[in-house]
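Note on naming: letters A, B, ... go to the chains in the order of the sequence lines (proteins, then strands), and numbering restarts at 1 for each one. Being a predicted model, the structure only gives us computed values, none of them experimental.
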There are 2 protein chains.
Amino acid sequence: MENENLRGLFQLLTRRFGLLNKNCCSADGIEISLVQSHILYEIHRQSKASIQQIAETLGTDITTFSRQIQSLIKLNLVTKTPDAEDRRISILSLTDEGVKINQTIDQQMNDYLNEIFKTMNEFEKESVVRSLQLLNDRMLKSSVCCTTPWE
Amino acid sequence: MENENLRGLFQLLTRRFGLLNKNCCSADGIEISLVQSHILYEIHRQSKASIQQIAETLGTDITTFSRQIQSLIKLNLVTKTPDAEDRRISILSLTDEGVKINQTIDQQMNDYLNEIFKTMNEFEKESVVRSLQLLNDRMLKSSVCCTTPWE
DNA sequence: TAAAAAAGTTGTAGTTTGCAAGTATTGTCG
DNA sequence: CGACAATACTTGCAAACTACAACTTTTTTA
């Protein structure tokens, strides 16, 4: 237990999830990239967030992110509205189309994951979900890692 | 439990691990990219694997991967040896320097992860590790997902 | 009110990516 | 055996992604 190769476990898991994610990013005839799907996801999750907030959450340079947003606006998936209180800030939100695409991807991902979970019994399922929640919580609270104030 | 947002759990976990990974990829004065660290990891894990095998495992286009390998060879971290039986095939392996860098990254990642696990009691730890193993196992065995024959 | 700071945007240049099309080697089938 | 397909990999090329520096605009600070 002590000499468990933790990195290996995480590396494999995240790679598998990443590959899944990669193949789940087209919906309604619109082909979006993996990065773009992450952005949609995060804009939806943090509603009324600014460009900088989302960029930080995703660990992306803000100049890169600014251009990514421009692309998504051109695709009519995202809108940018100036903050009423501070006009330097742009608030991001999804268009109806963006919401739809995000939901479709959500659906596909959850379908797949549920398929995986079907192979487990109730006890295992519950244990896995609780473990993931616990990990997320502890990683969020940890200060060991990086400088990025990822939310 | 049934209406757990599984995608969200995975998305957050993999993002946090990804950000960690991103910041853990320099060692011994050599700056390598996140992608490159994944490649080193996988070459080490599957010893004596071919270019195509690793590319498939990582879900990377083989032409892209070919060039990534060329870079790593220039950095003196990887070597390519023609297979004795089939001279079309190139077998990949790490140089001593490559092994060292991979180990350093491994160490850093495990240190961080152990720091996270320190905040849990024995029961929780064990449960989390078992859950990750179970997930990996079931995702590996699943055929639902994608076409990629990721090992 | 002038200077500093913050939020975004563009210039530019280097890197990454993947499809087409290529070479070299091996397998297949008449 | 010998042509033809298949496999493993490599390069040409064009598009996309990335980030540093420098800029504009707006807000905060002193």
Going by atom types alone, do Asp137(A) and Gln133(A) pair a side-chain donor with an acceptor below 3.5 Å? no
Met109(A) versus Tyr112(A): any side-chain heavy-atom pair under 4.5 Å? no
Donor + acceptor pair across side chains of Thr57(A), Gln46(A) (<3.5 Å): yes
Which residue lies more 5' along DNA chain D, comparing Arg67(B) with Gln53(B) via nearest heavy atoms: Gln53(B)
If you group Ile, Leu, Val, Met, Phe, Trp and Tyr whenever their side-chain heavy atoms sit less than 4.5 Å apart, what else falls in with Ile89(A)? Ile91(A)
Here the distance between atom P of dA21(D) and atom CG of Asp61(A), to the nearest Å, is 11 Å
Kindly state which residues belonging to residues 80-93 of chain A come within less than 4.0 angstrom of DNA chain C, counting heavy atoms of the residue only, listed by number. Lys80(A), Arg88(A), Ile89(A), Ser90(A)
May I have the list of side-chain donor-acceptor pairs in residues 92-101 of chain A shorter than 3.5 Å, sequence neighbours left out?
from	atom 1	to	atom 2	distance (Å)
Ser93(A)	OG	Thr79(A)	OG1	3.0
Thr95(A)	OG1	Asn76(A)	O	2.7
Thr95(A)	OG1	Leu77(A)	O	3.3
Thr95(A)	OG1	Glu97(A)	N	3.4
Thr95(A)	OG1	Gly98(A)	N	3.0

Contacts of type side chain to side chain donor-acceptor pair (under 3.5 Å), residue Asp86(A), not counting sequence neighbours: Arg88(A)
For Ser33(B), answer base if it contacts any base atom (sugar-phosphate contacts may also be present), sugar-phosphate if it contacts only those atoms, and nothing otherwise; contact means non-hydrogen atoms under 4.0 Å. nothing
Send over the distance from Ile54(B) CD1 to dA8(D) P, rounded to a whole Å. 14 Å
With side chains defined as the heavy atoms from C-beta onward, is the minimum distance between Ile105(A) and Tyr41(A) less than 4.5 Å? no
Separation of Gln68(A) atom CD from dA16(D) atom C1', in whole Å? 10 Å
Using atom CD of Gln36(A) as one end and atom C1' of dA15(D) as the other, report the distance to the nearest whole Å. 14 Å
Hey, what are the protein-to-nucleotides 22-24 of chain D N/O distances that come in under 3.5 Å?
none

Interatomic distance, Phe65(A) CZ vs dA16(D) C1' [rounded to whole Å]: 17 Å
Span of DNA chain C in contact with chain B (heavy atoms, under 4.0 Å): dT17(C) to dT26(C)
